[in-house]
Amino acid sequence: MSESKDSQECTLAKTFDAQTIEPVIAELWDNANAFAAGAGRVEGEDSFTIVIPPPNVTGSLHIGHAFNNTLQDILVRFNRMQGRDVLWQPGMDHAGIATQMVVERQLIENQEPNRHALGREKFVEKIWQWKEQSGGLIFNQLRRLGASCDWSRERFTMDEGLSRAVLEVFISLYREGLIYKDKRLVNWDPKLLTAISDLEVEQIETKGNLWHFKYPLEPGISYQHPFNLDEEGNKSDWKPSQGEPAGYDTRDYLIVATTRPETMLGDTGVAVHPDDPRYRDLIGKRVILPLVGRKMPIVADQYPDPEEGTGAVKMTPAHDFNDFDVGNRANLRRINILTQDGNIFLKENNDFLEELESTHELLDTMSRLHGKDRFEARTLIVQMMDTRELLAKTEPHKHMVPHGDRSGVPIEPFLTDQWYVNAHELAKPAIASVREGRTNFVPKNWENTYFNWMENIQPWCISRQLWWGHQIPAWYGPDGEIFVEKTEDEAQLAADAHYGESVSIERDADVLDTWFSSALWPFSTLGWPEKTPELSRYYQTDVLITGFDIIFFWVARMMMAGLHFMKDEKGTPIEPFHTVYVHALVRDKYGAKMSKSKGNVVDPLELIDQYGADALRFTLANMAVQGGDVKLDPARVAGFRNFGTKLWNATRFAEMNGVQFDPQFEPQEAKLTISRWILAELSIATEEITTKIENYRFNDAASAVYKFVWNHFCDWYLELLKPVFSGEDNDARKESQACAAYVLADIYKLLHPFMPFMSEELWQRTATRDTLLCHARWPSAVSGDHEAADEINWLIELVGEIRSLRAEMAIKPSRVMSLIVTNADKTIIDRVQTHDAAITRLARLESVEIATAAPKGSAHIAIGNTSYFLPLEGIVDFSEERSRLEKELKKLDGEISRLDKKLGNERFVANAPEQVVVEERQKLTGYRSQKDKMTAALGRINEE
RNA sequence: GGGCGGUUAGCUCAGUUGGGAGAGCAACUGGUUUACACCCAGUAGGUCACAGGUUCGAGCCCUGUACCGCCCACCA
């Protein structure tokens with residue numbers, strides 16, 4: 001190549017080496033402090049804030065994080081390029097149970113003393129040490145993904161500042177009566193030895209049995225129990241809905257059913273429905289609890305369903321949530337017969353022993369069952385009941401058993417003192433905000449889920465019997481009086497004042513549920529309760545991006561906390577965010593949930609190693625369809641890596657042809673049709689990408705970039721430029737070089753939110769830039785140029801038709817031939833002349849000639865009113881062309897008759913919008929003219 | 001039991017206000033052309049789950065059915 005054509009050596013490698021370059025770019029951003037809040041902003045622009053869903057301090061990056069953070073980063077980078085004052089607030093969650101478990105496990109592995117041996121203070125110290133050394137791994141991984149958080153503002157839920165916020169919130173809510181202490185049943189985890197909230201309980205379907213036990217009535221009491229007879233004359237159960245029973249048995253016992261025999265030791269009654277005719281006369285009478293000998297009342301309650309089971313239900317108020325409620329209404333005793341770790345507890349259990357006679361049977365029961373594990377006790381009790389002929393029936397039974405989501409063991413409803421938040425009260429404004437559109441869910445249907453939960457919300461149990469977390473700021477006086485204060489000193493003062501003397505107080509040992517501090521995240525991270533500049537600038541945050549699995553855990557609670565504590569000058573509550581974008585969970589390529597046990601986990605870091613962060617991000621963005629699951633097939637990541645390579649090579653090609661950024665270039669002044677065309681296409685793409693990101697249509701935005709780069713820019717624009725670059729027209733070449741550079745620069749910008757590394761690298765390498773790409777101004781769309789578009793679209797269609805025809809006719813690619821154009825008007829003649837070089841090159845022709853008559857022995861193409869012929873004589877068999885034309889004609893006939901019918905339908909013409917009718921008419925005219933030409937061509941072939 | 005979502009090409013999925021269905025991958029045919037084989041050109045492939053209804057017109061709206069998935073729920 002000669003110097004005069006500005007050609008130069010290419011400085012880019014053949015492919016983008018993500019492994020090497022991504023870290024370099026990351027460092028470039030780091031050194032420039034490129035993601036600090038407000039970096040790159042334009043004076044006067046609004047702020048844009050996202051708080052990261054804080055990952056667990058124990059966590060490492062899984063594919064869900066990668067997805068979630070990719071979407072956040074797209075929005076953040078997009079807004080930063082819009083010139084907004086952007087803050088992406090990063091941070092981590094102390095993750096109470098999870099972290100404590102990790103460190104405890106580590107102690108075991110290192111054969112160090114366990115936490116009880118260490119004591120609370122030392123153990124917590126160990127966790128802090130662990131956090132400093134091993135915690136927060138995930139942040140480096142997020143950096144590798146390209147997450148543009150303001151890392152200098154990293155927060156931790158156990159930070160001093162955030163802990164102050166927790167303290168403030170707890171104390172305020174306590175003083176307002178919205179936090180209180182209560183003794184009621186909680187979900188108790190017998191393995192982790194702590195209470196957990198309803199949300200941390202997972203219902204798992206389990207195969208079990210329904211055991212039917214006979215509970216004898218007090219001596220001397222009996223009743224008539226109805227029965228039915230089946231066809232074979234056997235007795236069967238009778239239900240109140242079945243009319244008259246076949247007969248009655250005299251019974252001196254009741255039959256109750258249970259899935260949990262081990263809890264019967266804590267039974268304190270039997271409940272029946274007040275209207276159940278079978279038991280009406282027994283209400284107020286007593287039964288005797290087998291194995292124990294406790295005399296328990298038969299009580300009436302609405303809870304038992306006469307149509308279910310036997311209609312009589314044993315009551316264990318201390319070990320079952322329903323029974324607890326019934327017990328409250330019927331005034332039944334609560335007897336706890338389990339220890340914290342789920343063993344039977346009878347000896348020296350005063351609740352249990354109260355009112356019992358010390359019979360031989362009781363002593364036997366106690367010696368056989370005391371201290372036994374709850375499941376072992378279940379088997380034993382069934383055996384003991386069977387031995388006494390009190391086991392009426394054993395039915396296999398599938399039911400949902402609550403399990404602790406962390407420990408995986410069945411949870412135990414357990415009677416303890418715990419702290420609760422009055423969620424019902426706090427939920428009211430949170431519901432109203434969404435109801436009234438001040439906070440919006442995207443997609444909107446998640447609002448139903450939100451309402452459904454919020455409207456049925458239960459008191460939130462916030463105390464945990466753990467050591468890692470925010471210790472509850474409550475102290476107890478000698479008689480149990482509670483003093484909630486910020487510090488021990490203040491509590492001491494309050495206590496002394498209360499008692500009128502100096503007393504010793506003791507702090508509540510429990511810590512708060514981790515989600516309690518997470519609920520404050522959107523304002524605690526900004527410095528609240530201090531009135532910081534950040535708080536006023538960045539709160540309310542803009543959009544929260546999260547998976548649907550934590551709407552309840554987190555979104556709902558942030559709404560409650562934010563609305564309660566954040567107010568404007570007029571005292572109007574401010575929502576923590578105006579939009580909640582809820583994305584799907586990432587599943588494997590078969591749609592199954594990823595889990596370690598299934599072995600189908602896709603490790604995002606492996607994908608990054610293999611294909612680069614950009615490729616992974618682009619894949620995830622492409623799959624972020626609103627509503628659907630995301631099924632990730634690693635093969636797709638390879639495909640999008642290829643997309644990156646394509647652009648990389650397009651840049652290489654441009655560079656090799658002297659394409660250089662020219663600040664003088666004004667797109668409005670472009671003269672060449674191809675320039676005006678690609679600029680118009682660029683504008684359309686810009687408009688679409690912008691709108692789609694603004695509407696959280698990440699997949700549409702990504703595919704719009706993809707299409708523009710690959711199908712418009714590479715497939716056509718660069719191909720069309722090849723003859724220009726090698727041609728003699730210096731002005732045309734110069735404009736093309738400047739125009740290509742201009743378009744490329746915009747491509748880098750448009751691509752940047754999706755593929756930040758490669759786009760930044762190309763941006764930096766293709767010109768001397770006065771800014772980082774991540775701070776460059778987002779392009780704006782300008783109006784299109786229809787004339788140029790028509791012309792190039794004609795060109796594309798023509799070349800496409802010729803290519804198809806050549807392939808169908810099996811004409812060798814190496815064979816060049818002429819194209820004969822007939823029936824061309826001035827416009828077409830001009831176009832043919834202008835694009836002669838491009839057409840011959842792209843369609844592999846020798847020349848393009850204007851003629852007045854169709855040449856002999858040629859294949860025919862009709863576009864608009866013009867005919868194009870490829871001479872085939874001596875090249876192919878004409879029967880090929882004949883059958884091709886016949887096939888085309890058949891297709892056209894189909895279309896024509898369809899349109900004829902449609903347009904012949906008066907009601908269509910009358911009712912359809914004017915524009916649709918016009919379009920259909922135009923289509924019909926087009927097909928007809930094409931048909932005419934095809935018919936003529938066929939006629940010629942048949943003559944020859 | 002309640003609620004939500006899905007069913008479109010061999011596979012994975014798009015299809016935003018109703019005007020005869022698209023992409024990527026896979027398949028098939030061909031290809032050393034000023035970048036790119038992680039490429040280029042071309043081809044084939046669909047009763048849009050089923051049945052009704054509304055409409056001039058339905059993948060899209062309505063009703064029902066079947067199958068699949070998820071969430072919530074106190075069935076002893």
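So that the names make sense, note that chain A is the first sequence line, chain B the second, and so on, each numbered from 1. The basis for the numbers below is simple: all heavy atoms, side chains too, and nothing from hydrogens, waters or symmetry mates. If you're wondering where the values come from, they're calculated on a predicted model, not measured in any experiment.
- By the 30° and 60° cut-offs, the orientation of the rings of A:F441 relative to A:Y450 is tilted.
- Nucleic acid contact for A:K14: sugar-phosphate only, since backbone atoms but no base atoms lie under 4.0 Å from a heavy atom of the residue.
- Between A:F618 and A:F754, the ring-plane angle classifies as perpendicular under the 30° and 60° cut-offs.
- Residues A:E395 and A:N209 form no side-chain contact, since every pair of their non-hydrogen atoms from C-beta on lies 4.5 Å or further apart.
- What separates CH2 of A:W716 from P of B:C36 is a distance of 19 Å, to the nearest Å.
- No engagement by A:K901 is indicated, since no non-hydrogen atom pair under 4.0 Å with the nucleic acid exists.
- Using a 4.0 Å heavy-atom distance criterion, A:R806 is classed as making no nucleic acid contact.
- Of the listed nucleotides (B:A73, B:A14, B:C71), B:C71 has the atom at the smallest distance from the side chain of A:F552.
- Rounded to whole Å, atom C1' of B:G20 lies 15 Å from atom CG of A:L924.
- Across all strands, A:R803 comes closer than 4.0 Å only to sugar-phosphate atoms, never to a base (heavy-atom distances).
- Aromatic pair A:H583/A:F67: centroids less than 6.0 angstrom apart.
- The phosphate of B:C56 has OP1 or OP2 within less than 4.0 Å of a side-chain N or O from A:N911.
- The side chain of A:L718 sits closest to B:A35 out of B:A35, B:U16, B:A73.
- For A:Y303, taking side-chain heavy atoms from C-beta onward, the closest of the listed nucleotides B:C74, B:A35, B:C56 is B:C74.
- Between A:R641 atom CZ and B:C36 atom C1' the separation is 12 Å, expressed in whole Å.
- Every residue meeting the side chain to side chain donor-acceptor pair (under 3.5 Å) condition with A:T20, not counting sequence neighbours, appears here in chain and number order: A:D17.
- Among the heavy atoms of the strands, none lies under 4.0 Å from A:D323.
- For B:C50 and B:G59, the P atoms lie 11 Å apart once the distance is rounded to whole Å.
- At the heavy-atom level, A:S804 lies under 4.0 Å from the strands shown only through sugar-phosphate atoms.
- Residue contacts shown for A:A257 are limited to sugar-phosphate atoms, with no base heavy atom under 4.0 Å away.
- Ranking B:A41, B:C36, B:A76 by closeness to the A:T645 side chain, first place goes to B:C36.
- Note on A:R841: a side-chain N or O is less than 4.0 Å away from OP1 or OP2 of B:U34.
- Between A:K398 and A:T206 the shortest side-chain heavy-atom distance does not fall below 4.5 Å.
- Taking every heavy atom of residues 200-209 of chain A and every atom of RNA chain B, no pair lies under 4.0 Å.
- Side-chain proximity of A:P813 to the nucleotides B:U16, B:G30, B:G19 is greatest for B:G30.
- Nearest nucleotide to the A:D715 side chain, out of B:A35, B:A41, B:C74: B:A41.
- Identified under the side-chain hydrogen bond (donor to acceptor under 3.5 Å, both in side chains) test for residues 264-273 of chain A, with sequence neighbours left out: A:Y215-A:D267, A:D267-A:K314, A:D267-A:T316, A:H273-A:Q302.
- One finds no side-chain N or O of A:T449 lying less than 4.0 angstrom from the OP1 or OP2 phosphate oxygen of B:G3.
- Taking atom CD of residue A:E455 and atom C1' of nucleotide B:A73, one finds them 16 Å apart after rounding to whole Å.
- Side chain of A:V313, nearest nucleotide from B:A35, B:A76, B:G19: B:A76.
- Of the two residues near RNA chain B, A:P306 and A:N445, the one whose nearest nucleotide lies more 5' is A:N445.
- Comparing B:A66 with B:A76, their C1' atoms sit 33 Å apart, to the nearest whole Å.
- When the C1' atom is used for both B:C38 and B:U43, the distance is 23 Å, rounded to whole Å.
- With salt bridges taken as basic N to acidic carboxylate O contacts below 4.0 Å, none links A:K923 and A:E919.
- Between the base of B:C36 and the side chain of A:R652 there is no donor-acceptor pair shorter than 3.5 Å.
- Residue A:E719 places a side-chain atom within donor-acceptor reach of the base of B:A35, judged by atom type and a 3.5 Å distance cut-off alone.
- Two rings, from A:W188 and A:F414, have their centers less than 6.0 Å apart.
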A correct dot-bracket answer for RNA chain B, with pairs being Watson-Crick or G-U at under 3.5 Å, [ ] for crossing pairs and | for inter-strand pairs, is (((((((..((((.....[..)))).(((((.......))))).....(((((..]....))))))))))))....

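- Ring centers of A:Y581 and A:F698: under 6.0 Å apart, within the cut-off.
- If you measure from atom CD1 of A:I551 to atom P of B:C71, you get 12 Å, rounded to the nearest angstrom.
- Residues A:L616 and A:I63 meet the side-chain proximity criterion, which asks for heavy atoms closer than 4.5 Å.
- Distance check, rounded to the nearest 0.5 Å: NE2 of A:H319 to CG of A:D323 gives 10.5 Å.
- Checking the phosphate oxygens (OP1, OP2) of B:A76, no side-chain nitrogen or oxygen of A:H212 falls inside 4.0 Å.
- Under 4.0 Å is where a charged nitrogen must lie from a carboxylate oxygen, and between A:R260 and A:E412 at least one such pair does.
- Comparing the same atom, P, in B:U54 and in B:U63 gives a spacing of 15 Å after rounding to whole Å.
- Which of B:A76, B:A73, B:U33 sits closest to the side chain of A:P304 comes down to B:A76.
- Note on A:S814: nothing from the nucleic acid sits closer than 4.0 angstrom, heavy atoms only.
- Taking 4.0 angstrom as the limit, A:W710 places a side-chain polar atom (N or O) nearer than this to OP1 or OP2 of B:C40.
- Residue A:N905 is in sugar-phosphate contact alone, with no base atom involved, counting any heavy-atom pair closer than 4.0 Å across all strands shown.
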Would you tabulate the nitrogen or oxygen pairs shorter than 3.5 Å linking the protein to nucleotides 21-26 of chain B?
none

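- Ion pair A:E655/A:R652 not flagged as a salt bridge, since none of the NZ, NE, NH1 or NH2 atoms sits closer than 4.0 Å to an Asp/Glu carboxylate oxygen.
- Remark: A:H399 is not in phosphate contact with B:C75, judged by side-chain N or O atoms under 4.0 Å from OP1 or OP2.
- Residues satisfying the side chain to side chain donor-acceptor pair (under 3.5 Å) test with A:E307, not counting sequence neighbours, are A:S241.
- Within the nucleic acid shown, A:R898 comes within 4.0 Å of at least one base atom, counting heavy atoms only.
- Across B:U16, B:A76, B:A35, the shortest atom-to-atom separation from the side chain of A:E308 is found for B:A76.
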